[in-house]
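What follows is a short report on a single structure.
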Amino acid sequence: MNTYTIKTISGVPDWSAIPSLPIDQIHRADAAPVRAWAQVACNGSSLFVRLRAEESDIRMEESGPLASTWEDSCLEFFFSPVDDDPRYINIEAVPSGAYFMGLGTGKSDLLRLVPPRPENGLQTKVTFLDGGWEVSYEL
């Protein structure tokens, strides 16, 4: 298991100063070769997440609040917000800017979280790079 210390910052992140951790978990056997990295920072009121992927064949078909993100190129972030609670939050973001957010202890009981109004949901920022893409958001 990888260990990552979240850097505490003031204001918004300067990503060039935030350590990067390789993402080495691929969940689909048929997935195209991908290299990915994560960066996380906090400022006392927000958690900032930036995920980056190098992949030559970016799939971007899904969009909207009920997108099947697992069908597209996808970068995932998992975290447990409460100590001693086995549930975690899973955020899957895709190059279209759509995302899936779920709460549970595993795939079998993962409850999809959908905001009543999309404008109140997660605001993702997607950037396309030479040979890949990245997504960032603030929680």
Side-chain angles (χ1 to χ4, degrees):
M1 176 181 342
N2 294 327
T3 303
Y4 184 85
T5 302
I6 297 173
K7 185 167 182 158
T8 301
I9 59 170
S10 60
V12 296
D14 169 5
W15 292 116
S16 67
I18 309 293
S20 194
L21 180 71
I23 299 171
D24 58 5
Q25 302 297 310
I26 302 211
H27 296 283
R28 287 181 55 169
D30 64 339
V34 175
R35 292 182 55 203
W37 297 267
Q39 294 170 285
V40 182
C42 66
N43 69 4
S45 62
S46 294
L47 185 68
F48 300 92
V49 178
R50 180 182 182 211
L51 307 171
R52 187 173 74 253
E54 285 180 1
E55 62 181 309
S56 58
D57 189 21
I58 298 172
R59 184 180 191 283
M60 187 172 63
E61 302 292 326
E62 296 294 321
S63 63
L66 295 176
S68 298
T69 53
W70 51 89
E71 297 292 333
D72 276 355
S73 294
C74 181
L75 288 166
E76 296 186 64
F77 179 68
F78 299 85
F79 67 101
S80 297
V82 180
D83 288 339
D84 300 323
D85 186 336
R87 297 175 300 170
Y88 62 85
I89 293 176
N90 172 23
I91 300 172
E92 302 176 7
V94 297
S96 69
Y99 66 90
F100 167 93
M101 187 181 295
L103 172 69
T105 61
K107 283 186 178 186
S108 64
D109 73 343
L110 200 59
L111 174 66
R112 186 174 202 148
L113 305 174
V114 180
R117 293 193 317 260
E119 64 272 14
N120 291 341
L122 188 65
Q123 302 303 309
T124 60
K125 178 184 176 203
V126 175
T127 305
F128 291 94
L129 311 164
D130 231 6
W133 63 288
E134 70 181 30
V135 62
S136 58
Y137 45 85
E138 176 182 352
L139 302 169

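A donor-acceptor pair under 3.5 Å is formed between the side chain of Gln39 and the backbone N or O of Trp15. Counting only distance, with no hydrogens or angles, the side chain of Ser96 and the backbone of Met60 share no donor-acceptor pair below 3.5 Å. For the pair Glu134 (side chain) and Thr127 (backbone), a donor-acceptor distance under 3.5 Å is absent. Within the 3.5 Å criterion, the main-chain N or O of Phe100 finds no donor-acceptor partner in the side chain of Arg112. Remark: side-chain polar atoms of Lys7 are not paired, donor with acceptor, to backbone N or O of Pro13 under 3.5 angstrom. In this structure, Thr8 contributes its side chain and Cys42 its backbone to no donor-acceptor pair below 3.5 Å. Side chain of Asp72 to main chain of Cys74: no donor-acceptor pair is present (N/O by atom type, distance under 3.5 Å, no hydrogens or angles).
Across every non-hydrogen atom of Ser73 and Asp57, the tightest pair is OG-O, 3.9 Å. In plain terms, the two heavy atoms of Ala36 and Leu75 that are nearest each other are CB-CD2, 3.9 Å. Minimum interatomic distance between Pro95 and Phe128 (heavy atoms only, all atoms of both residues): O-CZ, 3.7 Å. The minimum heavy-atom distance linking Gly11 with Asn43 is given by the pair O-ND2, 2.9 Å. Closest approach of Glu62 to Val94, counting heavy atoms only: O-CG2, 4.3 Å. Shown here for Gly102 and Leu110, the closest heavy-atom pair between the two residues is C-CD1, 3.8 Å.
Screening Met101, Lys107, Glu76 against Asn90 for a side chain to side chain contact (heavy atoms under 4.5 Å, CB included) leaves a single residue, Glu76.
A distance of 9.0 Å separates OG of Ser46 from CD1 of Ile9, quoted to the nearest 0.5 Å. Atom OG1 of Thr105 sits about 11.5 Å away from atom CG of Leu111, to the nearest 0.5 Å. Here the CG-CG distance, from Leu103 to Asp85, works out to 7.5 Å after rounding to the nearest 0.5 Å. Going from atom CD1 of Ile91 over to atom OG1 of Thr69 covers 11.0 Å, rounded to the nearest 0.5 Å.
Contact check for Glu138 versus Gln123: no side-chain heavy atoms found under the 4.5 Å cut-off. Looking only at side-chain heavy atoms (C-beta outward), Ile18 and Phe48 stay at 4.5 Å or farther from each other. A heavy-atom distance below 4.5 Å is not found between the side chains of Val40 and Phe79. Between Tyr99 and Tyr137 the shortest side-chain heavy-atom distance does not fall below 4.5 Å.
More than 12 heavy atoms of other residues, nucleotides or ligands sit less than 6.0 Å from atom CZ of Arg59.
Listed by chain and number, the hydrophobic cluster partners of Leu66 are Val114, where partners are ILVMFWY side chains within reach of under 4.5 Å, directly or through others.
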